[in-house]
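The model shown is predicted, which means the values in this text are computed figures rather than measured ones.
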Amino acid sequence: MNTKTPNLFDMLPIMGIENDCILSSQGDLTLVFQAELPEIFSLSDAEYEAFHQSWVKAIKVLPKHSLMHKQDWFLQSAHQVQEHLPGFLAESSARHFQGRPFLQHECYLMLCKKPAGRKTSSSLFCNLLKKTIVPGEFLKPAAFDTFLDQVSQFKRIMEDCGLIKLKRLKAPELESYRRKSGLIERYCSLCERPRDFLYKDISFEDGIQIGDQFAQLYTLGDAADLPHLCGPRITYDKFSTDKTKFPIGFAGSLGMLLPCNHIYNQYLFVDDPQASLKKLKINDCACNPCRLTPGKTPLPGMPVMNS
C-alpha cells in the first residue's frame, strides 16, 4: 500500500513571517537576533560577573508570558585566507594557519511573546480548533509596538555592557529563497551554510537521520542532571595553577570545548510571578493540610487530615 510521505513544512507550527517576525500557528510572535559574543578565554572574573548581571537585568524587561531561546551552532571548519595579505610575516602566518581545523561558532537569540491566557495544548484541547489562531492582543498595533519597545530595551541593556552585539535578522535571512536556505530550514536540514541549499529526507527508523547525517538529542532539564553549584564562571583547570585561577563560562564544556558538530539550545521562560506564587501556595496547602486554621473551609478537592 502506497502511503504519502508527509511534508515537513506542513507539520511545522510556523504560519509565516510578517514584519520580520516569525508567527506560529498558535499566535506566538518571535523576533530573532544574531549575536556576536566575546572570544573564548578572553574574559576575566569581573567581566563574567558583569555579563551575567546584564543578562539578569535585560531579562527583567521582557513581558510576562514570554520566552528567550538562545541557540548556539558549533560547526567544524577549516581556516581559509579570505584575501591576499601584504608583507612577509602576514603571508607566513596565513600559510601557517591555512587549512587548520577549528570550531566555528554562530549564536542566535530568539525572543518570543506568547499570547496571554493561551491554554496549553493537550489531547483534550488544541489551539488549531479555535475560530482564529491569532490572539486579539496581536491584532492591535499598540500591543505589537509595546512588544517591540520591550525588545529594544532588552537589546540596549545587553549592548551597553560592551561584551555582545545584537543584529536583528530580517525576513530574507529567516525564510528560504532560491539557492539560499533561511535559518528555519537550516535548523531542520542541518545545513552548515546558507548557500548549502539541498533538500534532505528525515527518517526516524534508526534513530534520527537527516540526509547522510545522524543526530542525537540530549536534554538537561532535571535537577538531578545539573551540578550542585552554578555561577557566571567556573575555573578551567587546564590553564590554572595553584596561584592563579583561569575563568571560563559555566557551560563552556557544552560549547567550544565539545569537539564535534553540535547545536546547543537554551530556553528561559518568563511567566507571571504572581500566578506562580499563588500556585505554590495552593500546592503547599494541599501538601500540608494540617496547617489549616480551625474553622476554615478547605479548598475543593483538598484532602483533610483529622488530628
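Partner L169 forms a side-chain contact (heavy atoms from CB on, under 4.5 Å) with one of I22, L109, D20, L183 and no other, that one being L183.
By the 4.5 Å heavy-atom criterion applied to side chains, C191 and E185 are not counted as neighbours. For the pair Q71 and I263, the minimum side-chain heavy-atom distance is below 4.5 Å. Residues F144 and C21 meet the side-chain proximity criterion, which asks for heavy atoms closer than 4.5 Å. Residues D160 and R156 are in side-chain contact: their nearest non-hydrogen atoms beyond the backbone lie under 4.5 Å apart. You'll find the side chain of H262 stays beyond 4.5 Å of the side chain of Y218, heavy atoms only. For the pair C107 and K70, the minimum side-chain heavy-atom distance is below 4.5 Å. Put simply, the side chain of D72 reaches to within 4.5 Å of the side chain of L37, judged on heavy atoms. Contact check for F102 versus S77: side-chain heavy atoms found under the 4.5 Å cut-off.
The CZ atom of F214 sits 12.0 Å away from the CG atom of L190 when rounded to the nearest 0.5 Å. Going from atom OG of S54 over to atom CD1 of I157 covers 8.5 Å, rounded to the nearest 0.5 Å. Rounded to the nearest 0.5 Å, atoms CG (L163) and CG (L43) are 6.0 Å apart. From Y187, atom OH reaches atom OG of S181 across 15.5 Å, with rounding to the nearest 0.5 Å. Distance check: L23 CG to M15 CE gives 3.5 Å after rounding to the nearest 0.5 Å. Taking CZ of R186 as the start and CH2 of W73 as the end, the distance is 4.5 Å to the nearest 0.5 Å.
V56 and F250 fall into different hydrophobic clusters, where Ile, Leu, Val, Met, Phe, Trp and Tyr side chains are chained together by heavy-atom contacts under 4.5 Å. No path of Ile, Leu, Val, Met, Phe, Trp and Tyr side chains, each step under 4.5 Å between heavy atoms, connects I59 with L67, placing them in separate hydrophobic clusters. With hydrophobic clusters built from ILVMFWY side chains whose heavy atoms lie under 4.5 angstrom apart, Y267 does not share a cluster with I14. Note: the hydrophobic cluster containing L220 also contains M256 (ILVMFWY, side chain heavy atoms under 4.5 Å, direct or indirect links).
Screening residues 206-222 for salt bridge (Lys or Arg N to Asp or Glu O under 4.0 Å), with sequence neighbours left out, gives no hits. Listed by first and then second residue, the salt bridge (Lys or Arg N to Asp or Glu O under 4.0 Å) pairs involving residues 36-53 are D45-R233 (not counting sequence neighbours). Under the salt bridge (Lys or Arg N to Asp or Glu O under 4.0 Å) criterion, no residue pair touches residues 240-255, with sequence neighbours excluded.
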Residue pair M158, L166: steps toward the side-chain contact (heavy atoms from CB on, under 4.5 Å) verdict: CA-CA 8 Å; M158 291 301 303; L166 298 177; 4.2 Å; yes
Apply side chain to side chain donor-acceptor pair (under 3.5 Å) to the pair E106 and Y108, showing each step before the final yes or no. CA-CA 7 Å; E106 299 178 20; Y108 299 96; 2.7 Å; yes
Under the side-chain contact (heavy atoms from CB on, under 4.5 Å) rule, what do K155 and Q150 come out as? Steps first, then yes or no, please. CA-CA 9 Å; K155 179 177 181 293; Q150 293 167 330; over 6 Å; no
What's the verdict on side-chain contact (heavy atoms from CB on, under 4.5 Å) for I248 and I234, showing C-alpha distance, side-chain angles and the deciding distance? CA-CA 6 Å; I248 194 176; I234 58 175; 3.5 Å; yes
Please lay out, stage by stage, how L258 and F74 fare under the test side-chain contact (heavy atoms from CB on, under 4.5 Å). CA-CA 9 Å; L258 188 61; F74 299 95; over 6 Å; no
Evaluate ring pair (Phe, Tyr, Trp, His ring centres under 6.0 Å) for F51 paired with Y48, printing each intermediate quantity in order. CA-CA 5 Å; F51 199 20; Y48 273 116; 8.0 Å; no
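By the neighbour-count criterion of 12 heavy atoms within 6.0 Å, atom CG of D149 is densely surrounded, having more than that number from other residues, nucleotides or ligands. At most 12 non-hydrogen atoms from other residues, nucleotides or ligands lie less than 6.0 angstrom from CD of E18. Counting non-hydrogen atoms of neighbouring residues, nucleotides and ligands closer than 6.0 angstrom, the NZ atom of K57 reaches no more than 12 such neighbours.
Using modelled atom types, one side-chain atom of S152 and one backbone atom of L148 make a donor-acceptor pair closer than 3.5 Å. With hydrogens and angles ignored, the 3.5 Å screen pairs a side-chain donor or acceptor of S240 with a backbone N or O of Y236. A donor-acceptor pair is defined here as one N or O able to donate and one able to accept, closer than 3.5 Å; such a pair exists between the side chain of N261 and the backbone of Q76. A donor-acceptor pair is defined here as one N or O able to donate and one able to accept, closer than 3.5 Å; such a pair exists between the side chain of T146 and the backbone of A142. Judged purely by atom type and a 3.5 angstrom limit, S24 uses its side chain to pair as donor or acceptor with the backbone of D28.
Every side chain to side chain contact (heavy atoms under 4.5 Å, CB included) that F204 has, sequence neighbours left out, goes to I202, I208. Qualifying side-chain hydrogen bond (donor to acceptor under 3.5 Å, both in side chains) partners for Q98, counting only residues two or more places apart in sequence or in other chains: Q80. By the salt bridge (charged side-chain N to carboxylate O under 4.0 Å, His left out) test, D271 pairs with no residue at all, sequence neighbours left out. Listed by chain and residue number, nothing satisfies the ring pair (Phe, Tyr, Trp, His ring centres under 6.0 Å) test with Y264 (two or more places apart in sequence, or in another chain). With sequence neighbours excluded, no residue satisfies side-chain hydrogen bond (donor to acceptor under 3.5 Å, both in side chains) with N19. By the side-chain hydrogen bond (donor to acceptor under 3.5 Å, both in side chains) test, Q209 is found to be paired with no residue, residues two or more places apart in sequence or in another chain being considered. Partners of K60 under the salt bridge (charged side-chain N to carboxylate O under 4.0 Å, His left out) rule, at least two apart in sequence or in another chain, do not exist in this structure. When the side-chain hydrogen bond (donor to acceptor under 3.5 Å, both in side chains) test is applied to H69, the partners found at least two apart in sequence or on another chain are N265. Residues that satisfy the salt bridge (charged side-chain N to carboxylate O under 4.0 Å, His left out) test with K64, not counting sequence neighbours, are D272.
Under the 30°/60° scheme for interplanar angles, the aromatic rings of F246 and F239 are found to stand perpendicular.
Heavy atoms only, all atoms of each residue included: P63 and K113 are closest at CG-CD, 3.7 Å. Scanning both residues, G255 and L103, for their nearest heavy atoms gives O-CD2, 4.1 Å.
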